[in-house]
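In what follows, a structure is listed as structure tokens, so that the remarks can point back to it.
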Number of protein chains: 4
Amino acid sequence: MRVTVHRFGMSNPADVSGLRRLIDAGELDPRHIVASIGKTEGNGGANDFTRALATISFAGAIAAATGERPEDVTERVALVWSGGCEGVLSPHATVITRDDSIDAGEGGGLAVSVQRTRAFRPEEIGTLAEIDEVADATRRALDDLAAAPDEVHYVQVKGPLLTPAGIRDAAGRGATVVTTDPNASKAYARGATALGVAVALGEVDRGSLEQASITKALDRFSTVASTSAGGELVACEIVLFANSPAAAPGLRIGHAVLRDVIDAEGVREALRSAGLDVGAAADAEQRERIAAVFAKAEASPTGEVRGRRTTMLSDADINYERHARAALGAVIASVTGDPAIFVSGGTEHQCAPGQAPIAAIVRGR
Amino acid sequence: MRVTVHRFGMSNPADVSGLRRLIDAGELDPRHIVASIGKTEGNGGANDFTRALATISFAGAIAAATGERPEDVTERVALVWSGGCEGVLSPHATVITRDDSIDAGEGGGLAVSVQRTRAFRPEEIGTLAEIDEVADATRRALDDLAAAPDEVHYVQVKGPLLTPAGIRDAAGRGATVVTTDPNASKAYARGATALGVAVALGEVDRGSLEQASITKALDRFSTVASTSAGGELVACEIVLFANSPAAAPGLRIGHAVLRDVIDAEGVREALRSAGLDVGAAADAEQRERIAAVFAKAEASPTGEVRGRRTTMLSDADINYERHARAALGAVIASVTGDPAIFVSGGTEHQCAPGQAPIAAIVRGR
Amino acid sequence: MRVTVHRFGMSNPADVSGLRRLIDAGELDPRHIVASIGKTEGNGGANDFTRALATISFAGAIAAATGERPEDVTERVALVWSGGCEGVLSPHATVITRDDSIDAGEGGGLAVSVQRTRAFRPEEIGTLAEIDEVADATRRALDDLAAAPDEVHYVQVKGPLLTPAGIRDAAGRGATVVTTDPNASKAYARGATALGVAVALGEVDRGSLEQASITKALDRFSTVASTSAGGELVACEIVLFANSPAAAPGLRIGHAVLRDVIDAEGVREALRSAGLDVGAAADAEQRERIAAVFAKAEASPTGEVRGRRTTMLSDADINYERHARAALGAVIASVTGDPAIFVSGGTEHQCAPGQAPIAAIVRGR
Amino acid sequence: MRVTVHRFGMSNPADVSGLRRLIDAGELDPRHIVASIGKTEGNGGANDFTRALATISFAGAIAAATGERPEDVTERVALVWSGGCEGVLSPHATVITRDDSIDAGEGGGLAVSVQRTRAFRPEEIGTLAEIDEVADATRRALDDLAAAPDEVHYVQVKGPLLTPAGIRDAAGRGATVVTTDPNASKAYARGATALGVAVALGEVDRGSLEQASITKALDRFSTVASTSAGGELVACEIVLFANSPAAAPGLRIGHAVLRDVIDAEGVREALRSAGLDVGAAADAEQRERIAAVFAKAEASPTGEVRGRRTTMLSDADINYERHARAALGAVIASVTGDPAIFVSGGTEHQCAPGQAPIAAIVRGR
């Protein structure tokens, strides 16, 4: 297997020119695209439709290039978008291909597996049922890569949230949803899917979880899951990254845990874990070697960062996720020298409270 | 002269408990307070009244301690607040005292001078008249400290903006204001006051300026001015900091220019300029030595940071100043380890476009 | 008893010039001020400090006029502010005086009683304890006016919410608060205080309530309570309005229930209930007779208004309370011809879900 | 010619189920669709991509029904979206068909003509060149309907604004744009296209206009133009509505001028102008006869409404257009009983300052 990673900027959520250029130049075979992970310039909330626009646009562009129908592309390719380009965060996409026809050679490298769960009913979102389905999908990814849990450095999960329509649908059938607030449902959705990853990787014992654990028992978590929720999905998509001897060399992934949203040292540690040792910040040559950075941003649950009060949690104008992404995005970019990084909000059951996962993919020299 | 600098957090814009504690403990003589520079948790826009609340509260607390009337305190002490605690920025105040009865001893140190202009009519805000008044006030500060322009590292100016009431008042008298949009008037007010500092320090030739230069001729600027505008003021307050042989040792100020809002190296350079050489980030002992950091945050005028598109300028939900403060505040805090830093928005005529001033006050060992 | 009602605009939350003019002109005896109910131009959220600024400013102005200390004024006078001037809502204050030395004469008229509860600990906010204290205070008001429950047309309650500091304080003592989200605590605080009024007026049976009823058992409510919560308070203030034979004639109060935020007919009904019959809208002479309008705005819990989907509940940029206040404020002003109306957000246990109370005070001819 | 008007709600900006249902039920021939005018639930600003998503979705659905290519549909059909569903405004579309094969019969009725300008370069947006092109397109519409200017009741124009990409493009070619602020460019674009309509209808003399008139000489305006600007367009689309003897009976259009955003009487006047006389508000039967309402919302340029200060213009959190749309949308809905109304922001050169156009299409009995 050979995995490639291409990152390019987008001038708006419907901009597929970067993707087309890569395909036209023959740098990327559209039939091998298995996932795209990107940022769009919406508000990141329940009413952020930039993700849907980017999904339609990318599915259309890939379909045009492969001759598939757009609906088949969205079944085959994980199109993961996180809304919210606060601070310096730059709208972009990171497109991942996997070519199974390539012999791995020696040394090993970055491997990726994409899996999907079944569709969920609104009343299943944020529940144990979602945990179990995500855990199964994660196990299928491990099998696919013949990878051990400790070779896994990043598991991106994107799943559905509760939309007003879904809430009405459930109510009409007499079914109970975890919350009737669409924006609040994101926390349950992210938490349940993260716990699914944690269960599959052995980080959390499934027997210790009950419904009330979700978003509450925050001492149970995964350190490599990064989950998000959007109104345009009905099933969960899992994109699992590992270093594997079965993958061709060229790219390596590593990860670390961010102590807080200003933990520049955590950023450097993730790069080191992927094989790149930067000083205070990446120099020009090192900057070229950083293929992608994926991180989660979390507002401190106490409201304090390094002993100082922040106002993220009490601000009624700007959602706390937006404050947290703005801060962390800038800190990561100050180390990597590149604002085209994936920083997504909400870390329920992803690292300990206040902490957050970060992963980096680095090119070999 | 001896200057002291005390920094403390605030639980809300009316919280004076930190100030009272310092006074009660005898650490700070309220009669020697000449300025306070702080952040409050409003939106930083024309309708941010947290600055007014903090001003009333601090004036009241100082008056209670000295026996002065509150209105006399606001005449004597420069109370400078910047609204907007985006990202990790923490509401706090930095209170500066100056005691002229203390002999400087040898070695020199931090000196400060506070000056005021006359009150401006609405139609003068953001005009050449404001430039000239601020230049005069800055020259008075240089005289007061017997300082040369190159010993000056930071000049904080806070002046009025155009309020709806002021705009109506001018219109009623047939006078023309620079803009009828209160939020837009901040740019003119900040630009004119920065040019006033630049003229006094010899950074810009007064003869080269005309009314149309303000906010337009951005190649003329000061690298040490930091200016802001608030609806609660009618005159400008200038707080000029320099290192001077006439001041007692203990504190030193330095400054640098930030290339962009993720310029962590610029932060380190400002600390070095003040005598503190940190590695990637300050360690625990170094952190204690950092008495205050003052910086300006600027959205890149091209919309790009390090070659990547940001969305600060096109975002209709969050003002670009808020994006910029969130980013820079986090980057500074990632170096200093302390989110209680003063980061204020808008850099018209303060460094070259896209760049911004940063100053640091450091304690000696 | 004679009650007067004076309404005037404010140019900012610290503007007391309208109040001063009334006092200086002898139209209003500051010693007789018992309450002020007004709107300030903040965001209406947990971080809206315009209420605190207005409170400090009004207390100071009244104290300057009467010779009291400001802290005694805030004990004696209920200063009730609702933040959020969305749409056309205009910042203003309605100052209410009560002079017990005046003989009522015949005919009866508007009567008012102001009462206070004890201070609450953070863990009591939004609980049964708060219900009981508010019920007691409401009963004291009924006694004070010798009024029957059906003579009561409006009961304004303002109480504390959970601030980040209060949440930390409770956590430090091992006490449990109803929610750790400051903005979310407003719902509990408003609900509990409304139920307190409902219990005292016989609208709800206290025995039917348990802790879990608060914000959940929404079929129990008052139709005359209007409650709000702010971070600047520790106790609840109750301002109860009734028509009473014991009050001098001149003003009458009435009320109605708004079916939704575009219920212009409900507005007309409240005016009729107070003795003013307008056609489609008040004419110039009728407009002069409307002394004050107090209403609550509620986002439809289904998200729908008149069978059409609205986006209030799914909007992550603008809080649903702000959408609701903007809509209702404009509809009321389109009937009364005056945007200086008190519209406050959040109707937990104030009328049936989706409905809201409205009261009007009208001058006799 | 026969014109039909169908209005239906949308559950999100990509929801075409309402359109599909009408087509599947045979109520609407997709080949006869000439325009769709609707509201989407974005922020209405330069970074509102819900309009683009709705456009892609509607073009795709019409193309699937007619067998056309989506790009041909967007050439043939005017897809006009206004972002921003503040207050009660409900996301919806009003689809207009025109069938030239139908004989008009007698009595006359609603006629519509859709025209397009050429594409504009960024430096032409908001200039005299745009005025002239829009005037030409408007004259073509008058010719198409053989209508006199006084038979025209509503002219919807949607044109391009300045995007960051367009601004960079112009800068790269050394061309000057009217403003480098994307959000600010909306005012110029709306103003120029409104003046184009005014010139064609004889409301404004073209010879009296120069470049500096645009957004400044506000005493020149159209009372029937309603213009908006979006980043997804490069040319202007004009949809002109008139009552014409050449159109089949069944629908009538009328219009009025709104004095301010709470002018309920103006709403009633527009309905009367279209033949529907409601009392204070439409009753159930009258409500059914209202086919569509199109209006513009304007913040008062003085900041005052009926002599009271509003905070629309000084609010840094919520754009003034959003305040104005929230207010007017609620007032219109309070009269019509239906929140699915088209209210769009910004009235530069559309009625006198502070006033705004409103049009209504009413079904005959």
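We name chains A, B, ... by the order of the sequence lines, and we start the count at 1 in each one. Just so it is clear, the structure is predicted and the values come from calculations on it, not from any experiment. Only heavy atoms go into these numbers, but all of them, side chains included; no hydrogens, no water, no symmetry mates.
In summary, D/E321 and D/R190 engage in a salt bridge, as defined by a charged side-chain N under 4.0 Å from a carboxylate O. A salt bridge links C/E265 with C/R268; the closest basic N to acidic carboxylate O contact falls under 4.0 Å.
With 3.5 Å as the limit, one finds no donor-acceptor pair spanning the side chains of C/T347 and C/K296.
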**OP:** Evaluate side-chain hydrogen bond (donor to acceptor under 3.5 Å, both in side chains) for D/T336 paired with D/D338, printing each intermediate quantity in order.
**Re:** CA-CA 5 Å; D/T336 66; D/D338 187 342; 5.9 Å; no
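Proximity to chain C (any heavy atom under 4.5 Å) is shown, for D/D260, by neither the backbone nor the side chain. With a 4.5 angstrom heavy-atom cutoff, C/A340 touches chain D via backbone and side-chain atoms both. For chain D, no part of C/D263 is nearby; none of its heavy atoms comes within less than 4.5 Å. If you measure heavy-atom distances from C/R325 to chain D, you find no contacts under 4.5 Å at all.
Counting heavy-atom pairs under 4.5 Å between each of C/G337, C/S90, C/A280, C/A299 and chain D puts C/S90 at the top. Per-residue heavy-atom pair counts under 4.5 Å with chain D were compared for C/C85, C/G9, C/A264, and the maximum is reached by C/C85. With chain C as partner, the option from D/L328, D/V331, D/D315 having the largest number of non-hydrogen pairs under 4.5 angstrom is D/V331. Ranked by heavy-atom pairs shorter than 4.5 Å toward chain D, the options C/R322, C/E41, C/R306, C/R309 are led by C/R309. Put simply, of C/A333, C/A281, C/P91, C/A326, the one with the most heavy-atom pairs under 4.5 Å next to chain D is C/P91.
Considering CD1 of D/I318 and CG of C/D317, their distance stands at 9.5 Å, rounded to 0.5 Å.
Checking C/V335, C/D277, C/I358, C/I332 one by one against C/L271, the side chain to side chain contact (heavy atoms under 4.5 Å, CB included) holds for a single residue, C/V335.
Proximity of D/Q156 to D/S228: side-chain heavy atoms (C-beta onward) are separated by under 4.5 Å at one or more points.
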